Chemist: 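Following this message is one structure expressed as C-alpha cells.
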2 protein chains.
Amino acid sequence: MNLATETPITAADKTFLELRTAIVEGDVTAGSKLSETELSTKYAVSRAVVREAINRLEACNLIERKPNVGARVVDLNTEGLLELYQVRESLEGMAARLAASNMTDQEVQALQSLLEKHYKTVQSGDNYYQEAGDVDFHYRIIQGSKNSQLITLLVDGIYHLIRMYRVQLGMSGPRVTTAFEEHRNIVNAIANRDPELAEMLMRRHIAYTRKSLQNKLSQEQA
Amino acid sequence: MNLATETPITAADKTFLELRTAIVEGDVTAGSKLSETELSTKYAVSRAVVREAINRLEACNLIERKPNVGARVVDLNTEGLLELYQVRESLEGMAARLAASNMTDQEVQALQSLLEKHYKTVQSGDNYYQEAGDVDFHYRIIQGSKNSQLITLLVDGIYHLIRMYRVQLGMSGPRVTTAFEEHRNIVNAIANRDPELAEMLMRRHIAYTRKSLQNKLSQEQA
DNA sequence: AGACGATATATTGTCGACAATATGCTGATG
DNA sequence: CATCAGCATATTGTCGACAATATATCGTCT
C-alpha cells in the first residue's frame with residue numbers, strides 16, 4: 001500500500017495548469033484568442049484535451065467563450081479588479097475570523113515566526129520576498145480557517161484571478177511597504193483568539209490595499 | 001439586425017443544465033456514479049459533450065472526479081453545508097452592504113413591494129411561495145450589489161450547491177416562518193442607504209438560519 | 001468607389017474508434 | 001476457506017475525422 005495517494009496526472013491536467021500559468025503570468029496577452037488547433041500543436045496533444053483545459057479555464061473566469069467563435073483571455077478593466085477586492089475583503093475577513101477560532105496553537109506560532117521573518121526582510125528591502133511573504137501570510141490564514149469551501153474559493157479561484165488582473169494592469173507587487181503593522185495587528189488578534197477583531201482588521205487591511213490600488217489606477221488614467 | 005443577442009445553445013450547454021438540475025433536485029442520488037457512456041445514450045449525445053458537461057459540473061463543485069475512475073455526485077456531510085453557510089454569510093453580507101449604496105431607488109421600491117407580497121403569503125400559509133419568495137428576496141439584493149464578481153459567485157456557484165445540500169439532507173424549505181421580520185429590517189436598512197447596518201443585519205439573518213439548520217441536523221442525528 | 005451578396009476558408013462542435021487504466025471474476029494455492 | 005495472481009470486462013483518456021457555424025475573400029451591382 002502506498003500512502004502517497006498517487007494521483008495520476010492526465011494530459012488535460014497538465015495543459016490546463018500550463019495554460020493557466022501562461023495566462024496568469026501574462027505570457028498570453030489580454031484579449032488574445034485561444035485557438036484550439038494552434039494550442040493542440042503547440043502542446044502536442046489532441047484538440048480534445050485542449051478543449052477540456054479551456055473549459056476549466058472558463059470555469060475559473062480566466063477566459064471567456066462564445067459558442068462557435070472561440071475563447072479569449074478576459075480583457076480586464078479596472079472596475080473588475082476593484083470588484084474582486086470587495087469579494088476578497090469579505091471572504092478573507094471571514095477567513096481571519098474563523099482562523100482566530102480554528103487555528104491550532106502551533107499554527108499560530110508558525111504564523112508569528114513568519115511575521116518575524118517578514119519584518120527582517122522589510123527592513124533589508126528585498127522586494128521579491130516581500131511579495132512572496134505577503135501571499136504566504138494570507139494563504140496561511142485562509143488555510144487556518146479550516147473551512148474547505150472558503151479555502152477552495154480563495155485559493156483555486158480568486159487568487160489566480162487577482163494575480164492575472166494585477167499583471168495585466170501592471171500592478172505587480174503589493175503596496176510598497178506591504179503594511180507590516182497591519183499584518184502584525186491581525187496576527188495578534190488571532191493569537192488572542194479574538195475573531196471579531198481579526199475579521200475587522202483583515203477587512204480594513206484589504207480595504208486599504210484596494211484604495212491604494214484605486215489611487216494608482218486613477219492616477220495612471222489621468 | 002437582431003437586438004435579442006441570440007446566443008446559440010450547444011448540446012453541451014443543454015446536457016450540462018439538465019444534468020445540473022437533475023443533480024441539484026436530487027433526481028440522481030448522492031454519491032452515485034455518472035457513467036459517461038450511460039449518460040451519452042440517455043441524452044442521445046456523444047461522450048464528448050457528456051464529458052464537457054461533467055467538467056463543468058466539477059467546476060461547480062457538484063461532483064467529484066478521479067482520473068481513470070470517474071465522476072460521482074458529491075456525498076455531503078452536515079459540516080459542508082454549515083461551512084457553505086459561513087461563506088454565504090460573508091458574501092451576502094457584502095452584497096447587502098453594496099446594495100445599500102448601489103441599488104437604484106426604483107429597485108429599492110420593487111424590493112419593498114416584494115416584501116409586501118411576501119408578508120401577505122406568510123399569513124396565508126402558502127409554503128411554496130414562501131420559499132420562492134425567500135430566494136427571490138436574496139437574489140434581488142445580490143443583483144443590487146452591482147458587483148459582477150460577487151453575483152457570479154453566488155448565483156452560478158453557491159446557490160446551486162446549497163440547494164443540492166439541502167435537498168440531499170432533507171432540509172428543503174427555509175425556516176418555517178422565513179423570518180419575515182428580519183427581511184423587513186434588511187430592506188429598511190437598504191432603503192435608508194445604511195450599508196453598515198444592512199450588512200450586519202444580513203449576516204445575522206444568515207447566521208440565524210445557519211444555527212437553525214445546525215439544530216435540526218444535530219437533532220436528527222440523535 | 002462603396003455596399004451588398006455569394007463563395008471559399010478556417011474554426012469550433014460533435015462524433016465514433018482506439019489506447020490506457022481500473023474493476024470484477026475465475027481459479028489456483030496455502 | 002481465505003488469499004492472491006492472472007485474465008476478462010468495463011470505463012475513462014485520447015485521438016483524428018466529419019458536420020455546422022462563423023469569418024474572410026472576391027466579384028457584382030448601384
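In what follows, chains are A, B, ... by sequence order, proteins preceding strands, each numbered from 1. Keep in mind the model is a prediction, meaning the values are calculated, not measured. Atom set for the values below is all heavy atoms of this structure, side chains included, hydrogens, waters and symmetry mates excluded.
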Chemist: Apply salt bridge (Lys or Arg N to Asp or Glu O under 4.0 Å) to A:Arg72 and list each qualifying residue two or more places apart in sequence or on a separate chain.
Modeler: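 Result, salt bridge (Lys or Arg N to Asp or Glu O under 4.0 Å) vs A:Arg72: none returned.
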Chemist: Sequence neighbours left out, what passes side-chain contact (heavy atoms from CB on, under 4.5 Å) with B:Ser113? Give chain and number order.
Modeler: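 Checked B:Ser113 against side-chain contact (heavy atoms from CB on, under 4.5 Å); zero matches.
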Chemist: Whole angstrom is fine here: how far is it from CG in B:Leu39 over to P in C:dC15?
Modeler: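 From B:Leu39 CG to C:dC15 P: 14 Å.
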Chemist: Can you tell me how far P of D:dT14 sits from CD1 of B:Ile54, to the nearest Å?
Modeler: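 B:Ile54 atom CD1 is separated from D:dT14 atom P by 14 Å.
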Chemist: Are there more than 12 heavy atoms of other residues, nucleotides or ligands under 6.0 Å from atom CD of A:Glu25?
Modeler: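 Yes, enclosed.
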Chemist: Are B:Ser212 and B:Asn215 linked by a side-chain donor-acceptor pair shorter than 3.5 Å?
Modeler: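 Judged by distance alone, the side chains do not pair up.
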Chemist: Could you tell me the separation between the OH atom of A:Tyr43 and the P atom of D:dT14, rounded to a whole number of Å?
Modeler: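 From A:Tyr43 OH to D:dT14 P: 16 Å.
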Chemist: Please work out whether the ring planes of A:Phe137 and A:His183 are parallel, tilted or perpendicular, with thresholds of 30° and 60°.
Modeler: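 Taking A:His183 first and then A:Phe137, their aromatic rings lie parallel (interplane angle under 30°).
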Chemist: Look for any protein N or O under 3.5 Å of an N or O in nucleotides 9-13 of chain C and output each such pair with its distance, or none.
Modeler:
from, atom 1, to, atom 2, distance (Å)
C:dT11, O3', A:Lys33, NZ, 3.4
C:dT12, OP1, A:Lys33, NZ, 2.9
C:dT12, OP2, A:Glu36, N, 3.3
C:dT12, O3', A:Asn68, N, 3.4
C:dG13, OP1, A:Asn68, N, 3.2
C:dG13, OP2, A:Arg51, NH1, 2.5
C:dG13, OP2, A:Arg51, NH2, 3.2
C:dG13, OP2, A:Arg65, NH2, 3.2
C:dG13, N7, A:Arg47, NH2, 2.8
C:dG13, O6, A:Arg47, NH1, 3.0

Chemist: Any side-chain heavy atom of A:Asn61 within less than 4.5 Å of one from B:Gln149?
Modeler: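 No, too far: nothing below the 4.5 Å cut-off.
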Chemist: Measuring to OP1 and OP2 of C:dT14, would you say a side-chain N or O of B:Ser46 lies under 4.0 angstrom away?
Modeler: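 Indeed not, no polar side-chain atom of B:Ser46 lies that close.
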